[in-house]
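Please read the structure below before turning to the comments.
Heavy-atom basis, side chains included; hydrogens, waters and symmetry copies ignored.
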Amino acid sequence: MILTFIETRDGKVKKSSLEALSEAKRRAGEMGLQTAAVLVGPAGDEAASDLSKYGPARVTHLESPALAAYSAQGFARALADLVKETSPQAVFFAGTAMGRDLAPRLAARLGVSLAADCTKVAVRDGRLVFTRPIYAGKALLTLTLKSLPAVASLRPNVFPLLEPEPSAAEVVRREAAVPEEEVKGRVVEVVREKGDTVDVAEADIIISGGRGMKGPENFALLQDLAALLPRAAVGASRSAVDSGWIGHAHQVGQTGKTVSPTLYFAFGISGAIQHLAGMSSSKVIVAVNKDPEAPIFKVADYGVVGDLFAVIPALKAELKKALSE
Amino acid sequence: MNILVFVKRVPDTESKIRIHHETKTVVEEGLNFIISPNDEFAVEEALRLREAKGGQVTVVSVGPEEALTTLRKALAMGADEAVLLKDGVKEAYDPLRVARVIAAFVRTKHPAADLLLFGRMSVWADNSAVPAMTAELLGLPQASVVTKLSVEGGAGTAWREVEGAVEKIAFSLPAVISAQKGLNEPRYETLKGIMAAKKKTIPVIPVADLGLAPEETAPQVEVAGLETPASKQAGKMMPAGTPEEAAAALVAALRNEAKVI
């Protein structure tokens with residue numbers, strides 16, 4: 001069995017968790033195994049029924065007063081007990097902030113290592129083989145884990161979703177034995193960013209600006225473009241962030257976030273190696289830059305040589321027209 | 001406060017990575033090594049906490065002899081002591097192994113540590129796993145990817161970045177924290193600091209002397225391949241013309257050819 005940890009937000013299952021569950025189903029199929037899903041802490045009944053469409057044989061929902069708020073310590077403890085009882089061959093996580101926080105803690109509790117932030121999973125001789133970018137994508141490491149279960153986190157936006165199908169998973173609700181006093185740190189408050197923003201790590205489309213944006217006020221132009229497109233977020237190069245033009249949560253690159261959106265726009269970004277490392281696995285890259293020699297054009301699928309302050313308004317008008325058709 | 005900061009020696013972020021295909025390792029010749037950038041935020045935070053509350057800052061690295069240079073950089077920033085946990089195994093991409101080494105060191109040499117600070121991720125193996133694993137092995141609470149930290153008495157609060165939000169985490173000490181850009185602005189070393197760091201003796205403890213069983217430090221990660229990603233074909237340039245023409249050609253290509261909008 002391959003077990004997938006399911007993350008919810010406001011009671012809804014996160015898309016990246018469904019991607020992980022879909023990939024688990026594909027690989028489990030190759031290995032002749034079943035899949036299972038696990039929800040921890042507060043989650044609605046709706047979540048369990050959403051999950052069953054992705055084919056798990058069982059959905060386990062672990063609850064306990066000690067799990068009412070997220071803590072890596074409490075969640076790892078509850079998951080480890082389930083793993084010991086059900087002996088899955090692998091445990092998958094979405095490589096979100098929570099997945100990256102929790103998966104290593106679970107692995108250590110089980111005495112096994114981890115394949116973090118994987119972009120490819122294969123099966124060879126009955127074993128899972130993971131591929132993951134290192135040096136922010138400057139190299140690709142392919143590895144197997146010698147001890148079971150194989151714990152892995154999967155990069156969001158990389159693995160395709162299965163077509164949802166009506167199916168009935170067995171849903172098991174149970175109390176997890178997590179003593180309150182064992183949890184020595186937990187989330188006490190979640191402060192959402194203003195508006196309905198999508199994080200660059202989860203966005204389908206990223207609209208990034210660099211030094212060529214010339215100042216913080218011009219990032220509003222990128223916000224405008226992002227507002228036109230579905231699941232779009234504004235990104236930035238390190239030099240724009242270091243100049244204080246936009247918050248570091250938007251930084252894409254080796255010392256920021258490594259992203260793989262469907263579409264990446266680079267406005268006024270020359271393409272320093274550490275930026276390219278963080279975004280070159282995007283499916284389609286568009287670069288707009290005044291300098292025809294800018295290295296960003298070497299990785300771009302589509303390039304426009306020109307003044308971004310003239311191109312952005314024209315692009316906005318064209319996009320509006322295209323999207324209304 | 002007794003603060004431990006864990007730092008890693010990594011290739012400069014501007015480095016081009018070359019691969020030795022037979023051994024599936026990175027060619028280290030010609031690479032410039034630095035302290036992992038995220039670790040500088042951890043060192044800086046430790047120094048600020050010491051300045052506010054007193055105590056001692058010890059920097060620790062697991063790595064080869066050459067990591068002494070990385071430790072001297074942290075000493076020059078102002079850390080009080082440094083320790084090298086000398087590891088004969090090259091980069092094994094195995095975070096559990098490193099966490100076990102660190103946990104054994106903390107248990108045997110620094111059982112009274114109040115805070116264990118790390119960078120959120122080394123810019124080498126990119127696992128972002130050692131802090132959480134160390135926390136679990138020592139039974140401590142953790143807060144990772146932290147952009148704001150406050151510690152008062154035996155407890156603390158950390159603010160951590162998640163998708164589109166900030167989580168506030170309350171924890172008791174001792175605890176494990178991993179630092180993210182935004183936490184602070186790391187200071188530069190002073191000339192005085194550099195001179196003082198040169199004179200300091202850095203104790204070297206071989207990993208084998210930490211009392212771990214050989215199977216505990218045997219890598220569990222088996223490297224099946226290491227490659228540089230396939231380089232992309234040069235793309236299509238939009239024909240020179242007015243911005244409006246370029247925008248129209250681009251949107252048409254994204255819609256009809258790439259089919260992404």
Side-chain angles (χ1 to χ4, degrees), chain A residues 72-73 76 96-97 100-101 104-105 107-109 112-114 116-117 129 134-147 184-185 187-193 197-199 201-202 248-249 254-255 262-263 273-274 284 298-304 306 310-311 314-315 318-319 322, chain B residues 13-14 17 19 37 93-96 99 123-129 132-133 135-137 141-145 161-172 175 181-182 220-229 232 234-238 243-244 246-248 250-251 253 255 258 260-261:
Chain A
Q73 201 169 22
T96 55
R100 301 291 301 264
D101 191 53
R105 184 135 197 161
R109 190 166 184 96
V112 299
S113 204
L114 168 80
D117 197 30
V129 183
I134 58 172
Y135 299 100
K138 289 183 200 170
L140 290 172
L141 176 72
T142 303
L143 63 95
T144 55
L145 295 166
K146 290 182 188 171
S147 40
K184 296 175 203 147
V187 172
V188 289
E189 195 185 341
V190 180
V191 187
R192 297 246 185 278
E193 273 178 18
T197 54
V198 183
D199 191 81
E202 290 188 314
H248 58 84
Q254 192 161 10
T255 50
T262 311
L263 179 55
I273 185 167
Q274 81 104 13
V284 175
K298 292 209 176 79
V299 301
D301 297 278
Y302 299 104
V304 177
V311 174
L315 185 59
E318 279 298 327
L319 278 173
Chain B
T13 52
E14 297 300 321
I17 298 300
I19 292 175
Y93 306 103
D94 184 345
L96 182 66
V123 296
W124 185 334
D126 289 13
N127 274 311
S128 201
M133 287 183 156
E136 176 59 34
L137 296 176
Q142 75 190 56
S144 54
V145 199
E161 272 183 5
V162 300
E163 295 82 8
V166 173
E167 283 181 351
K168 184 176 165 186
I169 297 176
F171 57 87
S172 61
K181 187 171 186 171
Q220 286 189 24
V221 170
E222 197 169 343
V223 175
L226 186 62
E227 281 159 57
T228 42
K232 282 190 83 156
K236 228 185 230 184
M237 298 306 283
M238 294 303 116
E244 288 71 26
L250 178 61
V251 170
R255 175 146 262 211
V260 286
I261 54 169

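With respect to chain A, the highest number of heavy-atom pairs below 4.5 Å among B:I261, B:L137, B:V251, B:V145 belongs to B:V251. Looking only at heavy-atom pairs under 4.5 Å with chain A, the residue among B:M238, B:E167, B:Q142, B:E244 that has the most is B:Q142. Contact count versus chain A (heavy atoms, under 4.5 Å) is highest, among B:V162, B:L96, B:V123, for B:L96. For the set A:A107, A:A76, A:S113, the count of heavy-atom pairs under 4.5 angstrom toward chain B peaks at A:S113. For the set B:E161, B:Q220, B:E14, the count of heavy-atom pairs under 4.5 angstrom toward chain A peaks at B:Q220. The most heavy-atom pairs under 4.5 Å with chain B, out of A:A72, A:G303, A:A300, A:A310, come from A:G303. Comparing A:A314, A:P104, A:G306 by how many heavy-atom pairs each has under 4.5 Å with chain B, the most go to A:P104. Comparing B:A175, B:A99, B:A258 by heavy-atom pairs within less than 4.5 Å of chain A, the highest count is held by B:A258. The most heavy-atom pairs under 4.5 Å with chain B, out of A:V304, A:V187, A:L315, A:L145, come from A:V187.
Of the possible polar contacts, none joining the B:E163 side chain to the A:T96 backbone as a donor-acceptor pair under 3.5 Å is found. Remark: the backbone N or O of B:T13 is paired with a side-chain donor or acceptor of A:K138 at under 3.5 angstrom. Checking side-chain atoms of A:Q274 against main-chain N and O of A:T255 turns up a donor-acceptor pair under 3.5 Å.
At a 4.5 Å heavy-atom cutoff, the contact between A:A249 and chain B is made by backbone and side-chain atoms alike. Heavy atoms closer than 4.5 Å to chain A are found in the side chain of B:P37, but not in its backbone. The contact between A:V190 and chain B is made by backbone and side chain atoms together, counting heavy-atom distances below 4.5 Å. Contact of B:L226 with chain A is made through backbone and side chain together, with heavy-atom distances under 4.5 Å. Within the 4.5 angstrom heavy-atom criterion, only side-chain atoms of A:E202, from C-beta onward, approach chain B. If you measure heavy-atom distances from B:A170 to chain A, the contacts under 4.5 Å come from both the backbone and the side chain. Contact annotation for A:L140: both backbone and side-chain heavy atoms come within less than 4.5 Å of a heavy atom of chain B. Both the backbone and the side chain of B:V221 come within contact range of chain A, with heavy atoms under 4.5 Å apart.
In this structure, A:L114 and B:M133 approach most closely via the heavy-atom pair CB-CE, 4.0 Å. Shortest non-hydrogen contact noted between B:I19 and B:T228 is CD1-N, 3.6 Å. A:A139 approaches A:Y135 most closely through the heavy-atom pair CB-CD1, 4.2 Å. Contact record, B:K181 with A:H248: O-CE1, 2.8 Å, taken as the closest heavy-atom pair. Considering all non-hydrogen atoms of both residues, A:A322 and B:R255 come closest at O-NH1, 2.7 Å.
Side-chain contact between A:I134 and B:Y93 is present, with at least one heavy-atom pair separated by less than 4.5 Å.
In this view, B:D126 satisfies the salt bridge (charged side-chain N to carboxylate O under 4.0 Å, His left out) rule with no residue, not counting sequence neighbours. Every residue two or more places apart in sequence or in another chain that forms a salt bridge (charged side-chain N to carboxylate O under 4.0 Å, His left out) with B:K168 is listed here: A:E189.
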